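Fair warning: this is a prediction, and the values are worked out from it, not measured in the lab. Just so it is clear, the values below take in all heavy atoms, side chains as well, and ignore hydrogens, waters and symmetry mates. Letters A, B, ... are given to chains in the order of the sequence lines, protein chains preceding strands, and every chain is numbered from 1.
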There are 2 protein chains.
Amino acid sequence: MMFNVPKLTQQYLPQITNKIDQKTKPLGALGALEQLAMRLAIIQSDRTRQWQNIDTLNAQVIVFAGDHGIANQGVSIAPSDVTYQMVVNFLNGGAAINCFCRCHNMPLSVVDTGMCTPLPEALKKQHRNFFESRLGAGTHDISGQAAMTIAQVNNGLSAGESIAERAIEQGCNVLIFGEMGIANTSAASAITSTLLDIPVDRSVGLGTGITTEQLAVKKQLISQGLTRLKAHKDDVSITTILAELGGFEIVHIVGAILASAKRKVPVLVDGFIVSTAALVAHKIAPEVSDYLIFAHQSHEHAHQQILEHFHAQPLLQLALRLGEGTGAALAFPLLQAAVSFYNDMASFESAGVTV
Amino acid sequence: MMFNVPKLTQQYLPQITNKIDQKTKPLGALGALEQLAMRLAIIQSDRTRQWQNIDTLNAQVIVFAGDHGIANQGVSIAPSDVTYQMVVNFLNGGAAINCFCRCHNMPLSVVDTGMCTPLPEALKKQHRNFFESRLGAGTHDISGQAAMTIAQVNNGLSAGESIAERAIEQGCNVLIFGEMGIANTSAASAITSTLLDIPVDRSVGLGTGITTEQLAVKKQLISQGLTRLKAHKDDVSITTILAELGGFEIVHIVGAILASAKRKVPVLVDGFIVSTAALVAHKIAPEVSDYLIFAHQSHEHAHQQILEHFHAQPLLQLALRLGEGTGAALAFPLLQAAVSFYNDMASFESAGVTV
């Protein structure tokens with residue numbers, strides 16, 4: 001697997017900056033939206049050599065679902081069954097991410113990366129936006145053993161890469177990844193602890209809303225996984241970290257983010273889980289950060305630490321803690337607004353406004 | 001002028017809360033978006049007795065433009081001419097607010113409340129979304145005299161009321177007010193200082209980007225206006241405050257906000273200037289705050305203090321300092337998303353998701 005992510009050259013930065021500064025508004029008055037337009041223009045111009053206009057955004061949302069062995073220990077508000085039930089809900093159009101995708105005309109795909117139970121054939125056939133890329137029937141419980149094998153990690157990275165590439169080949173020019181997996185904040189916290197070298201007290205949170213008793217158990221179980229990882233004295237490669245701490249959906253998202261960056265397609269990064277995958281991708285290929293746009297600051301404390309690592313100012317701060325890609329979907333209209341003012345707003349000269 | 005604003009009864013609050021809590025997501029996981037859906041549902045149900053669904057949002061943006069005598073003292077980055085030029089830009093579709101209105105399919109109207117120079121007849125006739133409601137040719141310079149007469153204030157409040165009522169009669173069920181007026185942060189700072197009883201050092205800011213030298217002058221000039229206002233020992237009514245400190249566009253927006261609240265139509269409040277108008281409206285009729293949804297936290301420090309006064313958590317924090325209604329227009333898709341999940345998201349029961 002080759003993940004050669006090109007560094008942005010920013011060769012059109014002077015033209016892009018000038019174009020934004022000539023718009024009929026005080027210098028910098030559109031704040032973060034100007035930074036956003038600049039990022040989108042820089043990424044596109046590096047890909048297409050066109051900086052004069054940003055292409056209409058053609059976004060896709062891909063939700064990766066997977067189960068986690070550690071869920072059996074009661075570290076989440078719901079049992080693993082809910083992963084499956086929510087996937088069915090996604091396919092029936094009833095979840096929050098479906099509502100937001102409909103609001104903003106974004107197609108939604110759902111990928112089973114390894115739920116405890118696969119969907120029945122009949123159901124799969126009914127839904128053309130459903131894809132199967134199962135690495136197993138849920139990961140192993142990371143408090144006691146490795147989540148998966150190295151081979152599973154590599155398969156998941158490749159599969160995630162293929163899925164993102166297919167979307168890009170279909171004309172998608174901005175990608176949103178979502179996730180569904182009961183207990184996946186446990187995997188994300190364990191990975192974040194390892195990669196940012198922070199203690200579990202600062203990386204493990206309430207997820208979607210567990211009790212303080214459950215939180216203590218969650219921290220203890222994750223600590224066990226981290227202790228086991230430390231025994232790998234000679235090999236603490238990213239692949240080993242992913243194999244030890246999992247999740248199938250996270251591994252897929254890492255591959256998908258790397259593939260997007262490799263193709264110079266921006267990723268609008270959702271909350272804690274997807275940001276953890278972005279952190280992993282960044283460890284594999286540091287240039288990936290050039291292509292990441294962080295959508296929101298979630299309610300999970302560890303997410304803040306990942307954002308700080310990336311020096312990121314997320315677009316939204318709405319105290320969300322849902323996942324599914326919902327935070328990114330909610331932020332998407334801001335990208336459209338950035339494109340709109342970049343492309344269509346008059347310049348001082350064209351509007352006859354004196355500066 | 002009667003501004004009897006009805007207090008929200010919140011009679012359907014239990015049903016609305018229950019509906020949101022039964023959605024297929026962890027309790028409260030949509031964070032601020034849940035509060036937003038609740039507000040919209042409460043306001044609508046109080047108006048229509050329907051809480052089961054929120055009506056499709058039919059938003060209008062109305063930009064009020066006016067000039068300020070104090071602009072001649074160099075308290076702004078641009079001369080008063082720019083108010084006129086930007087109004088022409090609005091009518092030609094070239095400003096930021098035009099771009100964002102197009103993004104979200106919102107009609108935009110522009111009202112001249114008293115620019116230094118009126119639009120020529122030929123131009124007025126070309127644009128059916130342009131309205132004239134001139135209280136004068138710019139306010140007087142508030143550093144030396146009252147901005148306008150009491151009669152002008154009353155005319156402006158009435159006119160603003162009529163404009164909002166017409167929009168509501170046309171079927172608009174959420175209103176966005178924007179403003180354009182070189183030097184209007186001076187008027188807004190003076191009013192905020194008075195109503196929140198804070199010194200000019202805390203209410204006067206850089207506006208759209210003046211120098212520190214200009215800032216010192218701006219503070220001094222506003223202080224002169226405030227000193228004169230204090231001479232009104234017997235009459236410090238809201239009408240007097242508006243007459244002394246101005247702005248024609250601010251007075252119109254106060255009337256428009258009061259009319260919206262009176263008709264139980266929510267107002268998505270833009271930045272510092274519109275929030276100042278909301279503060280004035282709130283002083284006239286405290287119940288108005290039930291109908292205010294604050295769109296964003298602008299870069300102007302005094303805006304933060306108004307938000308604190310209302311105990312408001314604005315939807316966006318993008319360091320905007322443009323006005324025109326742009327912050328509210330950018331936040332509008334969040335209202336649509338709130339309506340969407342409220343209306344269309346499956347319940348645990350309907351989706352067969354176990355809690």
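Taking both residues in full, the closest heavy atoms of A:Cys103 and B:Ala337 are given as SG-CA, 3.9 Å, listed atom of the first, atom of the second, then distance. Here the closest non-hydrogen pair linking B:Gln85 and A:Thr354 is OE1-N, 2.8 Å. When all heavy atoms of A:Leu30 and B:Ala96 are compared, the closest pair comes out as CD1-CB, 4.2 Å. Scanning all heavy atoms of the two residues, the minimum distance from A:Pro26 to B:Ile77 falls at CB-CD1, 3.6 Å.
Ranked by heavy-atom pairs under 4.5 Å with chain A, the first of B:Gln317, B:Met86, B:Lys23, B:His104 is B:Met86. Ranked by heavy-atom pairs under 4.5 Å with chain B, the list A:Ala32, A:Gly31, A:Gly94 is led by A:Gly94. Top candidate by heavy-atom pairs under 4.5 Å with chain B, chosen from A:Cys99, A:Ser298, A:Ala346, is A:Cys99.
Looking at B:Leu27, the atoms closer than 4.5 Å to chain A (heavy atoms on both sides) all sit in the backbone: N, CA, C or O. Using a 4.5 Å cut-off between heavy atoms, B:Leu330 touches chain A through backbone and side chain atoms alike. Interface residue A:Leu316: only side-chain heavy atoms are found under 4.5 Å from chain B. With a threshold of 4.5 angstrom between heavy atoms, B:Asn89 approaches chain A through side-chain atoms but not through N, CA, C or O.
A:Phe90 contributes atom CZ, which lies 8.5 Å from atom OG1 of B:Thr24 (distance to the nearest 0.5 angstrom). To the nearest 0.5 Å, atom CD of residue A:Gln336 and atom CZ of residue B:Arg102 are 14.0 Å apart.
Atom CD of A:Gln313 has 12 or fewer neighbouring heavy atoms from other residues, nucleotides or ligands inside a 6.0 Å radius. Shown here is A:His296, whose NE2 atom has more than 12 heavy atoms of other residues, nucleotides or ligands within 6.0 Å. By the 6.0 Å contact criterion, CD on B:Glu308 is enclosed, its count of non-hydrogen atoms from other residues, nucleotides or ligands being greater than 12.
Two residues are said to be in side-chain contact when any heavy atoms from C-beta on lie closer than 4.5 Å; B:Leu33 and A:Phe100 meet this criterion. Annotation: side chain of B:Leu318 is in contact with side chain of A:Leu334 (closest heavy-atom distance under 4.5 Å).
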